[in-house]
Number of protein chains: 2
Amino acid sequence: MSSLPARADGTRAEILRAAACLFRDRGYHAATVRDIAAVAKMKAGSIYYHFASKDEILAEVLDLGIERIHAAVRDALAALPPKSSSIEAIETAIRVHLEILLRYGDFTSANIRVYGQIPEAARRRSHPVRQAYADCWTALLTRACRDGVVRGDIGVKMLRLLLVGSMNWTVEWYKADRGPVEDIAGSVSKLFFEGVLTPEARTRWLRRRGKRA
Amino acid sequence: MSSLPARADGTRAEILRAAACLFRDRGYHAATVRDIAAVAKMKAGSIYYHFASKDEILAEVLDLGIERIHAAVRDALAALPPKSSSIEAIETAIRVHLEILLRYGDFTSANIRVYGQIPEAARRRSHPVRQAYADCWTALLTRACRDGVVRGDIGVKMLRLLLVGSMNWTVEWYKADRGPVEDIAGSVSKLFFEGVLTPEARTRWLRRRGKRA
DNA sequence: GTCTATATACGGATAGAC
DNA sequence: GTCTATCCGTATATAGAC
């Protein structure tokens, strides 16, 4: 239920794809309208038949990126068997987030990379869409917390920021030759759920922590 | 032992500080030499008495950012009691990395934000410095692995990318009003070492994992 | 060591032919 | 719906006065 099909007459979609790709690779300012046009196999002037300004392209790329990943995660969660545990829900969300981000992810990764570097106005504009996706994760983690599955001493907001952050950062280092996205998703889940300590080290560590508290 | 003092005659350092701040907030291309000059309380032409080009400023900002954080982490590790565990070393590195990044971090966070969006040539130029810092973490985690403290089934490289990634991502959301950096460092350590599951959920989860394997 | 003035190039955006 | 041509602002960088 992404908003892409709505106005995707082909050319428009092509321009958006080109823009997302260039924004991602070079940043918003360094990607010129001429560059975008070239990738979309047109001349710069033609862009303005489809979009009023470069800013409008940016706005659409940003929203599409989040909406796409949000929709995929939402659909995957809805498709889970009704009695699934909140742990399975998180596992699923991790896998789908990474799949969209790394496999079909020009829009999403463009979003992740340029968001911190665009004018305040553009940020405010796309804030609602971002917030909606953040809320999705908050709900997921809050439920897990209430179910007694996830620890309550770190705080749901912090957990979300750290977890989603480590996933988002993958756009900085992932290359297709690093193995399938599923493996990364598996590592993220393992690490997030179990932590990194071996059983023996864990026992020692918890004992020490206990003493301190 | 950062390379800052070497040529920091004041004006030069001021320009670098201004540039780092603007690169961080707007990205490399959007931050103009005029902007940098204005923040450093000069006119654009004067910049070129101190630097040959904007690219040179970028190169220096990038290297300084990494060298600073690397030096701080290295010093903190060297200052640990000789019999410290590899776990304490990692804990220390996490804390110092976050402190430098979030408290004195214009250079470091500029680095983190713009690295993905600068020309290939600039990236290659600063690669050695980045690699050296990455090696520092690899050594830390490899030692912990060898000591039987850290699990071996995820892979040291993946662990490093996910851990450092979740920390680096904090530049996207941290604001001073979110509480002291130490608290964030504590949360990161807890999450990284222990994972997020409650003891009961952990038992169930491990049993399920065991069955699958 | 910093200024003003300017060369030169390139950016976003528009007008009007086709 | 796409093109060419072009306006106009702004970017990096330089030259030379002070």
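The figures here come from the full heavy-atom set of this structure, side chains too, leaving out hydrogens, waters and symmetry mates.
Summarising the geometry, the separation between CG on A:Asp35 and P on C:dA9 is reported as 18 Å, rounded to the nearest angstrom. One interatomic measurement links the two molecules: OH of B:Tyr49 to P of D:dT14, which rounds to 16 Å at whole-angstrom precision. Atom CZ in A:Phe23 sits roughly 12 Å away from atom C1' in C:dG12 (whole-Å rounding). Rounded to whole angstrom, the span from the NZ atom of A:Lys54 across to the C1' atom of C:dG11 amounts to 8 Å. When rounded to the nearest whole Å, the span between CD1 of A:Ile57 and C1' of C:dA13 equals 12 Å. The distance between atom CD1 of B:Ile15 and atom P of D:dA13, rounded to the nearest whole Å, is 14 Å. Atom CZ in A:Phe51 sits about 15 Å away from atom P in C:dT14, given to the nearest Å. Between the CD1 atom of A:Ile47 and the P atom of C:dG11 there is a distance of 14 Å, rounded to whole Å.
For B:Lys54 and B:Tyr48, the positive end is not near the middle of the six-membered ring at less than 6.0 Å and at most 45° from its axis.
Annotation for B:Arg178: atom CZ counts as buried by contact number, over 12 foreign heavy atoms lying within 6.0 Å.
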Tabulate protein N/O versus nucleotide N/O from nucleotides 16-18 of chain C, keeping only pairs under 3.5 Å, one per line.
none

Could you list all N or O pairs between the protein and nucleotides 3-6 of chain C that sit under 3.5 Å apart?
from  : atom 1 : to      : atom 2 : distance (Å)
C:dC3 : OP2    : B:Lys43 : N      : 2.7
C:dC3 : OP2    : B:Ser46 : OG     : 2.6

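Note that the CZ atom of B:Phe193 and the CD atom of B:Glu91 stand 5.5 Å from one another [nearest 0.5 Å].
Closest to the side chain of B:Tyr48, from the set D:dT12, D:dT2, C:dG12, is D:dT12. Closest to the B:His50 side chain, of the nucleotides C:dG12, C:dT2, D:dA11, is C:dT2.
Aromatic rings from B:Tyr133 and B:His97 are positioned such that their centres are separated by under 6.0 Å.
Under the salt bridge (charged side-chain N to carboxylate O under 4.0 Å, His left out) criterion, B:Glu182 pairs with B:Arg103, not counting sequence neighbours.
Nucleic acid contact for B:Ala40: none, since no nucleic acid atom lies under 4.0 Å from a heavy atom of the residue.
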